[in-house]
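This report concerns only the one structure given below.
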Amino acid sequence: MIVRRLDEARRTPRRVVSKTWESTRLLLRNDGMGFSFHITTMYAGTETRMCYRNHLESVYCISGHGELEDCATGERHRIEPGTIYILDKHDEHVLRAETELTLACVFNPPLHGLEVHDATGAYPTTATAVEG
Ligand code: 9YT
């Protein structure tokens, strides 16, 4: 059994800070669960284009509101507490955070630790990052 606390994890390398978001990765590849679990903050007023060609991701909105655009169709979806979006087709998407968004994110395969987006909005399949 593993027990971790967000406030403690935030003071370790599990907290990764990027330009438009930060994310605390509570569960990682070396935990051996087959997925990783993160609490992510998207900063208010930002727009982030992502396309996880190497991963599947599910994202549940805990707080805040914004908009999700499916780049393939142009379809837009409201993001608010209680909404989950599931990127089951490695979908290219844009997430607009109208307020600060707090999200719970699950990745399969699991992240290693310190990944940040490359120029295409993806994470690599393997990482040399140190696991926190
Ligand atoms: C919603 C989303 O994917 N934001 C980017 C950060 C990602 N959740 C992560 O690496 O934890």
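FYI, the numbering just counts along the sequence from 1. Ligands are counted one by one from 1 in listed order, and the atoms in each one are counted from 1 as well.
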Between Tyr85 and ligand 1, which part of the residue brings a heavy atom under 4.0 Å of the ligand: side chain, backbone, both or neither?
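The part of Tyr85 near ligand 1 is the side chain, not the backbone.
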Student check: side-chain heavy atoms of [X] and [Y] closer than 4.5 Å:
X: Lys19; Y: Thr46; result: no
X: Thr83; Y: Leu68; result: no
X: Met33; Y: Pro110; result: no
X: Met50; Y: Leu87; result: no

Check whether the side chains of His65 and Glu98 place a donor and an acceptor atom closer than 3.5 Å, and report yes or no.
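Checked: His65/Glu98 side chains pair up, N/O donor to acceptor below 3.5 Å.
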Hey, is ligand 1 close enough to His117 that some N/O pair sits below 3.5 Å?
no
Please check whether Glu57 reaches ligand 1 - meaning an N/O of the residue sits under 3.5 Å from an N/O of the ligand, judged on distance alone.
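Among all N and O atoms of Glu57, at least one is under 3.5 Å from an N or O of ligand 1.
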Of the choices His38, Glu22, Met42, which has the non-hydrogen atom that lies closest to atom 4 (N) of ligand 1?
Met42
Heavy-atom proximity to atom 2 (C) of ligand 1, best of His55, Met50, Arg25, His93:
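Comparing heavy atoms across His55, Met50, Arg25, His93, the nearest one to atom 2 (C) of ligand 1 lies in Met50.
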Report the C-alpha distance between His117 and Trp21 in whole Å, list the side-chain angles of each, state the deciding distance to 0.1 Å, and finish with yes or no for ring pair (Phe, Tyr, Trp, His ring centres under 6.0 Å).
CA-CA 11 Å; His117 295 139; Trp21 54 265; 5.2 Å; yes
Ligand 1 atoms nearer than 4.0 angstrom to some heavy atom of Ser23 are 9 (C), 11 (O)
Which atoms of ligand 1 have any heavy atom of Cys105 under 4.0 Å away?
8 (N)
Is the NZ or CZ atom of Arg25 both under 6.0 Å from the centre of the six-membered ring of Tyr123 and within 45° of that ring's axis?
yes
For [atom], which protein heavy atom lies nearest, and how many Å away is it?
atom: atom 7 (C) of ligand 1; value: Tyr123 OH, 3.5 Å
atom: atom 8 (N) of ligand 1; value: Thr40 OG1, 3.1 Å
atom: atom 5 (C) of ligand 1; value: Tyr52 OH, 3.5 Å

